[in-house]
2 protein chains.
Amino acid sequence: MRTLKYAILGLLNNEPMTGYDIGKEFSKDLGEFWNAKHSQIYPELKKLFDEGLIVYEIQISGEILEKKMYSITEEGKEAFLKWLKQAEPLEPTPKDVFRLRMYFSNHLDVPTRIHLLEHQLLQHQERLQHLRKNNERHQSIPPHDSVDFGDYFILDGAILRETVTIQWLENFIQYCKSL
Amino acid sequence: MRTLKYAILGLLNNEPMTGYDIGKEFSKDLGEFWNAKHSQIYPELKKLFDEGLIVYEIQISGEILEKKMYSITEEGKEAFLKWLKQAEPLEPTPKDVFRLRMYFSNHLDVPTRIHLLEHQLLQHQERLQHLRKNNERHQSIPPHDSVDFGDYFILDGAILRETVTIQWLENFIQYCKSL
DNA sequence: TTAGGACATATAAATACATACATGTTTATA
DNA sequence: TATAAACATGTATGTATTTATATGTCCTAA
């Protein structure tokens with residue numbers, strides 16, 4: 001599917017950046033739904049360059065440090081927009097180790113079960129708080145054609161997702177405590 | 001992390017089955033949170049056998065068709081239970097191509113955006129219906145130490161997840177239509 | 001009785017991803 | 001002015017996963 005390809009093209013379609021910058025983007029809100037390590041990013045950038053979808057310009061930081069500032073080509077924009085417009089069949093639901101564990105939870109004694117659930121709950125509460133904090137940035141819905149719109153959109157989705165996960169966990173903790 | 005290893009051990013901990021059966025399990029409710037193709041299952045079974053965590057008995061179906069009925073060993077049970085009890089740090093949030101696409105949605109004209117959202121919505125509605133149908137099997141919460149408990153638990157989570165995804169999509173469709 | 005779908009197992013090849021190795025420079029701050 | 005954190009780019013190796021290739025048998029329904 002080459003999804004990373006399009007993630008990178010999409011970022012470069014907004015503004016030129018370095019491989020390092022792309023890695024940083026993946027640690028922000030976008031990282032809630034897509035990410036890659038630099039060991040995947042740099043080879044992919046080379047590939048996209050070979051395909052003529054991006055170009056770069058070497059910039060000097062300080063005295064000698066070279067960085068490659070990548071930007072998207074016309075061909076790259078076309079490829080990106082073609083991908084962006086595509087309506088695709090639903091992907092298989094994403095893997096989730098914790099839920100796999102809970103699938104087998106009948107083999108756990110009740111206190112251990114509660115402990116695992118509460119441990120998970122705490123972490124989701126922290127993530128939710130973090131997401132809400134990020135969301136404060138948006139005072140209202142950003143203009144639909146601004147770069148911020150997508151960020152607002154998926155942050156909203158991430159917050160809903162965490163909220164419902166927390167509900168689910170709390171629900172089952174309560175049930176287990178009633179046993 | 002060898003998660004597939006534990007998914008398989010967990011299934012065999014419930015009852016002996018063949019590689020083919022394991023594949024079928026991954027196409028049921030469990031598949032909402034973990035799955036693997038047979039090309040991954042068979043080599044993993046060989047590996048688990050080499051590690052002494054499972055054994056098999058050859059059974060004949062019909063006249064000649066051999067099938068390997070796998071069952072878990074004591075060592076396998078121990079390994080499985082040890083894994084099951086572990087409280088682990090939150091995994092990174094799962095990748096989601098559609099949300100990645102929507103992150104870049106400011107580059108789409110509004111009708112295309114609505115079309116993509118509605119296409120996605122329809123598919124999630126179908127999945128939700130399918131999950132609800134599966135859930136009818138459970139008249140009430142199964143006993144906490146029965147094999148059905150985990151199934152009920154994660155089905156409930158899957159239904160909540162789809163419900164909130166649909167809410168999110170409907171919300172944004174409405175917003176886009178107001179533009 | 002025959003054809004199609006389900007049952008059954010396996011390997012090969014390619015892609016995707018994570019972890020580790022490798023090597024530096026620049027900037028802010030203590 | 002030293003030092004730690006952030007900036008910056010790459011490769012190597014191993015693991016995980018998907019898609020394709022390969023080869024059958026068994027069962028059910030028309």
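Just so we're clear, the structure is a prediction, and the values are computed from it rather than from any experiment. Reminder, nothing fancy here: chain letters follow the sequence lines and each chain counts from 1.
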- Task: Measure from CG on L65(B) to P on dC27(D) and round the result to the nearest Å.
- Result: 9 Å

- Query: Do the rings of W83(B) and Y6(B) sit parallel, tilted or perpendicular, given the 30° and 60° boundaries?
  - Reply: parallel

- Item | Sugar-phosphate, base or nothing in reach of T18(A), heavy atoms under 4.0 Å | sugar-phosphate

- Would you kindly give the CZ-to-P distance between F49(B) and dA10(C), to the nearest whole Å? 12 Å

- Atom CD of Q59(A) with >12 non-hydrogen neighbours under 6.0 angstrom: yes

- Message: Heavy atoms from C-beta onward define the side chain here; which of dT11(C), dC26(D), dT19(C) lies closest to that of S39(B)?
- Response: dT11(C)

- Message: Whether K68(A) contacts dA8(D) is assessed here as follows: a side-chain N or O lying under 4.0 Å from the phosphate OP1 or OP2. Is that the case?
- Response: no

- Message: What is the distance, to the nearest angstrom, from the CE atom on M17(A) to the P atom on dT9(D)?
- Response: 12 Å

- Message: Rounding to an integer number of Å, can you tell me how far Q59(A) CD sits from dC7(D) C1'?
- Response: 14 Å

- So what does K67(A) hit on the nucleic acid, given a heavy-atom distance under 4.0 Å: a base, only sugar-phosphate, or nothing? sugar-phosphate

- Task: Could you pick out which residue, P43(B) or I60(A), lies toward the 5' side of DNA chain C when each is mapped onto its nearest nucleotide?
- Result: P43(B)

- Message: Nearest heavy atom decides the nucleotide; on that basis, is R2(A) or Y70(B) closer to the 5' end of DNA chain C?
- Response: Y70(B)

- Rounding to a whole Å, what distance do you find between Y42(A):OH and dA18(C):C1'? 16 Å

- Item | R132(A)/E162(A) ion pair, N-O < 4.0 Å | no

- Between CD of E91(B) and C1' of dC17(C) the distance, given in whole Å, is 15 Å

- Item | Matching residue for F153(B) among F98(A), Y103(A), F172(A) - test: ring pair (Phe, Tyr, Trp, His ring centres under 6.0 Å) | F172(A)

- Message: So, OP1 or OP2 of dT9(C): does either fall under 4.0 Å of a side-chain N or O from Y20(B)?
- Response: no

- Task: State, without any angle test, whether H130(A) and E126(A) hold a side-chain donor-acceptor pair at a distance under 3.5 Å.
- Result: no

- Just to confirm, is there a sub-4.0 Å distance from OP1 or OP2 of dT11(C) to any side-chain nitrogen or oxygen of K46(B)? yes

- Query: Side chain of W34(B): nearest nucleotide among dT17(D), dT19(C), dC7(D)?
  - Reply: dT17(D)

- Message: Please classify the nucleic acid contact of K95(A) as base, sugar-phosphate, or nothing, using heavy-atom distances under 4.0 Å.
- Response: sugar-phosphate

- Message: Check this for me: does any side-chain nitrogen of one of K68(A) and D21(A) sit under 4.0 Å from a carboxylate oxygen of the other?
- Response: no

- Task: In whole angstrom, give the distance that lies between atom NZ of K47(B) and atom C1' of dT9(C).
- Result: 19 Å

- What about H38(B), does its side chain sit under 3.5 Å from the base of dA8(C) through a donor-acceptor pair? no

- Message: Can you tell me which nucleotide in dA10(C), dT17(D), dT26(C) comes closest to the side chain of Q40(B)?
- Response: dT17(D)

- Message: Without decimals, in angstroms, what is the distance between L4(B) CG and dT18(D) P?
- Response: 10 Å

- Considering just the side-chain nitrogens and oxygens of K24(B), establish if one lies under 4.0 Å of OP1 or OP2 belonging to dA6(C). no

